Amino acid sequence: MPGENNTEAPSGNFITHIIDEDLETGKYDGRVVTRFPPEPNGYLHIGHAKSICLNFGIAKRYNGTCHLRFDDTNPLKESIEYVESIKEDVRWLGYDWQDHLYFTSDYFDQLYAYAVQLIKAGKAYVDSLTPDEIREFRGTLNTPGKESPYRDRPVEENLALFEQMAKGELEEESCVLRAKIDMASPNIVMRDPTLYRIRKKDHHRSGSKWCIYPMYDFAHCLSDSIEKVTHSICTIEFVNNRELYDWLLDALDVYHPQQIEFARLNLSYTVLSKRRLIQLVSEGHVSGWDDPRMPTLSGLRRRGYTPSSIRKFCDTIGVARRDSMVDISLLEYTLREELNRFAPRVMAVLNPVKVIIENYPEGRTETLEAVNNPEDPSMGSRSIPFSREIYIERDDFMEDPPKKFFRLAPGREVRLRYAYFIKCNDVIRDDSGNITALRCTYDPETRGGNTPPDGRKVKATLHWVSAAHAIDAHVRLYDHLFNVENPMQSGDFQQHLNPGSLVSADVSKLEPGLKDAEPGSHFQFERMGYFFTDPEDSSPGAPVFNRVTTLRDTWAKIKKTL
RNA sequence: UGGGGCGUCGUCAAGCGGAAAGACACAGGAUUUUGGUUCCUGCAUUCGGAGGUUCGAAUCCUCCCGCCCCAGCCA
């Protein structure tokens, strides 16, 4: 895999400014500890990559550590399948948590003890209101809440009740543990937030040991504290929760990391919310979490995106607090930038039309030299067969071409890459008028694609493949999943699904060397784009190719203006 | 219209009182056996708006406008 090890620290941003300051003042004795804390309830997507690169990148930059912590406090939604996929994705992205793999569920005993401590301090109570009542009592955005009648239960009673909750002696929804803060707080998060709820459900790690599970706000700050995290970096929707984060840590008088929020990533022409992604999978709009059209890390990996191009992308988008929508062309750019340097060039005709070279001897085959990568001479060259009948791209011929079309047309001469100049003399059609073949003649003096002695020039160079030698292969042409920049902006996002997001080119003709393409390898199909040998669907001798992205296509732009 | 967050080029994003980085996108041009790559060039007299402070403001103050988040026993 090219560009494997460039996990260099990302550029500076407002968070590194804060850390620089903390380092100067000695706030955490020079330590820098971050963490990436996914809930194992779905697959990671490129938005998570931003957070992973940020957290691991900062640890690297400051010679600190970054923990991978599974925030597994809700057994209803979580499973081991997700923790495995998340670990795989983080590793694939190029990051190593070393021995800092943690689970919030491993802290359940300690978290319970903290809850007891809070109760003893008179700062938490067991509330027996129903869920509906709790909601009513919470008030609204502009009206204060009311205190629960159970709010002033004596400490002993709270302790006894909480123990009963933990032992499974009380029913789900019969009561919860709440922090005693301020029902009139303008910040709704502070209106006696729920700390623990009863869930008589086995946990994928702690099994049946617990009948109560801590809520995010309680578990997260304390997990950070237990792990001695210094900078707890999360997304901006948690700004309101920071007041509670700080309150809990102060109330318990424990080590106090600082929470810092940044804006989550939005990418044009796709969706990045777990809920929508699940919907796309479960409703069959895509083949799975790793469908190459998905913005999940497993989808991008399957498509052929490289870890280093994603890292580069995350670095160049930067980190800030304002809402943003990053243009997906930037992602495509970082991929091309890398693959341009490393991907071997190869010729593949995706939508073939036959060319018969009338003055080329029948039955003759010759071998021509083709450069593997003009960006890197050390990649050498290869031999490709040439013969009387070849295939070229159907789009490379026009019978009645517009002025700016430089390719093949009746009476016009073009170059075949690494081969000869050919001139089109005649068009052959079937009964319904479709073009089935082109009759051409070649100029033997242009072998290798060289300019002939008379110096005549040609305006286009086409890729081609020898008909007798070409192999057939499945090629999938992927495009954006949605046909609007922001599918969430209007109506149901699914109505913006791009019907052309996957086009199969099953009659593709490829140069013979591709028969044994290694699954998981990258190529540039000259003039067509970057392609990846699908690791799942390829089999020995029968590769399947995914188009990762097209080449920049100036002609496509011109064509639109015609 | 309770509280909080945020508004700098089409899209991201630097800037932190001394006079608007960079990247993508876009538009020209050069080179090119990929209409690719590479290379030049152009692209915010202006920082949501209006006032004010200052010799000097995107940066400080005031007011206004707009967008986003919060009323899960989700995270």
Side-chain angles (χ1 to χ4, degrees), chain A residues 11-13 17 37-39 41 71 73-74 76-77 127 129-131 134-136 138-145 172-178 184-191 194-199 212-213 215-217 219-220 234-243 261 263 265 268 274 313 315-334 336-337 340-341 345 347 370-371 374-375 404-407 415-419 421 446 448-451 458-463 485 524-529 550-559:
Chain A
S11 313
N13 53 58
H17 294 339
E39 182 190 13
N41 69 343
D71 208 356
T73 58
N74 186 357
L76 260 32
K77 294 185 172 177
D127 193 357
L129 251 24
T130 66
I134 286 181
R135 194 181 332 109
E136 273 176 49
R138 187 154 30 225
T140 69
L141 293 180
N142 21 226
T143 61
E172 287 188 11
E173 300 198 339
S174 65
C175 57
V176 289
L177 184 72
R178 291 230 254 169
S185 172
N187 180 0
I188 292 175
V189 170
M190 298 300 277
R191 317 242 261 229
T194 302
L195 268 23
Y196 267 94
R197 76 287 216 190
I198 302 170
R199 285 275 177 281
I212 56 172
Y213 294 94
M215 298 286 287
Y216 164 84
D217 286 306
H220 205 93
C234 62
T235 45
I236 206 90
E237 67 271 22
F238 290 102
V239 176
N240 293 330
N241 301 249
R242 189 175 66 226
E243 191 178 355
E261 311 84 13
L265 171 68
S268 62
K274 246 183 222 178
F313 169 76
D315 187 30
T316 60
I317 58 174
V319 182
R321 311 196 69 181
R322 65 182 85 111
D323 287 340
S324 64
M325 168 75 74
V326 175
D327 194 330
I328 197 166
S329 67
L330 182 61
L331 213 212
E332 295 164 349
Y333 169 80
T334 58
R336 288 191 194 110
E337 188 190 35
N340 176 52
R341 282 178 289 142
R345 314 289 127 122
M347 293 200 282
V371 169
E375 303 297 315
K404 289 175 176 169
F405 184 85
F406 302 152
R407 282 109 97 143
R415 168 189 288 117
L416 293 178
R417 182 142 233 229
Y418 302 123
F421 283 19
T446 56
N450 290 319
T451 305
V458 106
K459 287 186 102 172
T461 298
L462 309 186
H463 62 282
E485 266 191 44
Q524 183 196 104
F525 288 2
E526 293 214 30
R527 305 206 306 134
M528 301 309 285
T550 58
L551 255 26
R552 263 186 69 220
D553 192 348
T554 309
W555 165 240
K557 280 177 208 155
I558 295 168
K559 210 161 65 174

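Please read all numbers here as calculations on a predicted model, not as lab measurements. The sequence lines fix the lettering, A, B, ..., with proteins before strands; numbering per chain opens at 1.
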Margin query: Looking at A58(B), which nucleotide sits across from it as a Watson-Crick or G-U wobble partner, both distances under 3.5 angstrom, or is there none?
Written below: none
Next item on the list: Specify the separation, in whole Å, of atom CD of Glu337(A) and atom P of U37(B).
Entry: 11 Å
Checklist line | Sugar-phosphate, base or nothing in reach of Val458(A), heavy atoms under 4.0 Å | finding: nothing
Notebook entry, point to check: Below 4.5 Å, heavy atoms only, C-beta onward: do Val458(A) and Thr446(A) meet side chain to side chain?
Noted result: no
Checklist line | C1' atoms of U1(B) and C64(B), separation to the nearest Å | finding: 16 Å
Note to self: Give me the distance, rounded to whole Å, that separates G48(B) from A58(B) when you measure between the C1' atoms they each carry.
What the structure shows: 12 Å
Notebook entry, point to check: Counting any heavy atom closer than 4.0 Å, what does Arg321(A) reach on the DNA or RNA strands: base, sugar-phosphate only, or nothing?
Noted result: sugar-phosphate
Check: Does Arg322(A) place a side-chain N or O at less than 4.0 Å from the phosphate oxygens OP1/OP2 of U8(B)?
Finding: yes
Notebook entry, point to check: With both distances kept under 3.5 Å, what pairs with A75(B), Watson-Crick or G-U wobble?
Noted result: none
Notebook entry, point to check: For Leu462(A) and Arg527(A), which heavy atoms make the closest approach, and how far apart are they?
Noted result: CD2-NH2, 3.6 Å
Next item on the list: Assign each of Glu243(A) and Gly318(A) to its nearest nucleotide of RNA chain B by heavy atoms, then name whichever residue's nucleotide is nearer the 5' end.
Entry: Glu243(A)
Note to self: For a quick check, with a 4.0 angstrom heavy-atom cut-off, what is the B/S/- contact string for nucleotides 68-75 of chain B, read 5' to 3'?
What the structure shows: SBBBSBSB
Next item on the list: On RNA chain B, check which nucleotide each of Val239(A) and Lys557(A) is closest to and give me the residue with the more 5' one.
Entry: Val239(A)
Checklist line | Residue pair His220(A) / Asn241(A), side-chain heavy-atom distance below 4.5 Å | finding: no
Notebook entry, point to check: When all nucleic acid strands are considered with a 4.0 Å heavy-atom cut-off, which category describes Phe405(A): base, sugar-phosphate, or nothing?
Noted result: base
Next item on the list: With heavy atoms under 4.0 Å as the rule, sort Phe406(A) into base, sugar-phosphate or nothing.
Entry: base
Margin query: Give me the distance, rounded to whole Å, that separates C47(B) from G52(B) when you measure between the P atoms they each carry.
Written below: 16 Å
Margin query: Among G2(B), G35(B), A23(B), which nucleotide has an atom closest to any side-chain atom of Asn142(A)?
Written below: G2(B)
Note to self: Could you tell me the Watson-Crick or G-U partner of C26(B), where both distances fall under 3.5 Å? Say none if there is no partner.
What the structure shows: G42(B)
Check: Would you say Thr451(A) and Arg415(A) make side-chain contact, with heavy atoms under 4.5 Å?
Finding: yes
Next item on the list: If G7(B) has a Watson-Crick or G-U wobble mate with both distances under 3.5 Å, name it; if not, just say none.
Entry: C65(B)
Note to self: With a 4.0 Å limit, can you tell me whether Arg242(A) has a side-chain N or O closer than that to the phosphate oxygens OP1/OP2 of G4(B)?
What the structure shows: no
Check: Do Glu375(A) side-chain and G36(B) base share a donor-acceptor contact under 3.5 Å?
Finding: yes
Next item on the list: Provide the distance between the two P atoms, one in C39(B) and one in A25(B), to the nearest whole Å.
Entry: 13 Å
Checklist line | Length of the CG-C1' vector between Leu462(A) and G36(B), whole Å | finding: 14 Å
Check: For G29(B), is chi within 90° of 0 (syn) or not (anti)?
Finding: anti
Next item on the list: Whole angstrom is fine here: how far is it from CZ in Arg341(A) over to C1' in G36(B)?
Entry: 15 Å
Note to self: So, OP1 or OP2 of G35(B): does either fall under 4.0 Å of a side-chain N or O from Arg527(A)?
What the structure shows: yes
Check: Say you pick atom P in A44(B) and the same atom in A23(B); how far apart are they, in whole Å?
Finding: 14 Å
Check: Rounded to whole angstrom units, what separation is found between the CE atom of Met325(A) and the C1' atom of C67(B)?
Finding: 13 Å
Note to self: What's the gap between G66(B) and U54(B) when it is taken at their C1' atoms, as a whole Å value?
What the structure shows: 29 Å
Next item on the list: Locate the shortest heavy-atom distance separating Arg191(A) from Thr140(A); write the atom from each residue and the value.
Entry: NH2-O, 2.7 Å
Next item on the list: Taking atom P in both A27(B) and C63(B), compute the distance separating them and give it to the nearest angstrom.
Entry: 45 Å
Check: Nearest heavy-atom pair of Asn187(A) and Asn240(A): which atoms, and what distance?
Finding: ND2-O, 3.0 Å
Check: Out of Gln524(A), Arg417(A), His463(A), which residue meets the side chain to side chain contact (heavy atoms under 4.5 Å, CB included) rule with Arg345(A)?
Finding: Gln524(A)
Margin query: Just to be sure I understand the rule, does Pro144(A) reach a base, reach only the sugar-phosphate, or reach nothing, if contact means heavy atoms closer than 4.0 Å?
Written below: nothing
Next item on the list: Go through the steps to decide whether Lys77(A) and Glu39(A) satisfy the test salt bridge (Lys or Arg N to Asp or Glu O under 4.0 Å), and finish with yes or no.
Entry: CA-CA 9 Å; Lys77(A) 294 185 172 177; Glu39(A) 182 190 13; 6.0 Å; no
Check: So, do Asn41(A) and Asn74(A) sit near enough that their side-chain heavy atoms are less than 4.5 Å apart?
Finding: no
Item checked: Ile317(A) CD1 to A13(B) P, straight-line distance once rounded to whole Å -> 8 Å
Notebook entry, point to check: Base, sugar-phosphate, or nothing: which does Glu332(A) touch, judged by heavy atoms less than 4.0 Å apart?
Noted result: nothing
Next item on the list: Tell me whether the OP1 or OP2 atom of G15(B) has a side-chain N or O from His17(A) closer than 4.0 Å.
Entry: yes
Note to self: For a 4.5 angstrom cut-off between non-hydrogen side-chain atoms, does Leu330(A) reach Phe313(A)?
What the structure shows: yes
Checklist line | Span that lies between the C1' atom of U34(B) and that of U38(B), in whole angstrom | finding: 13 Å
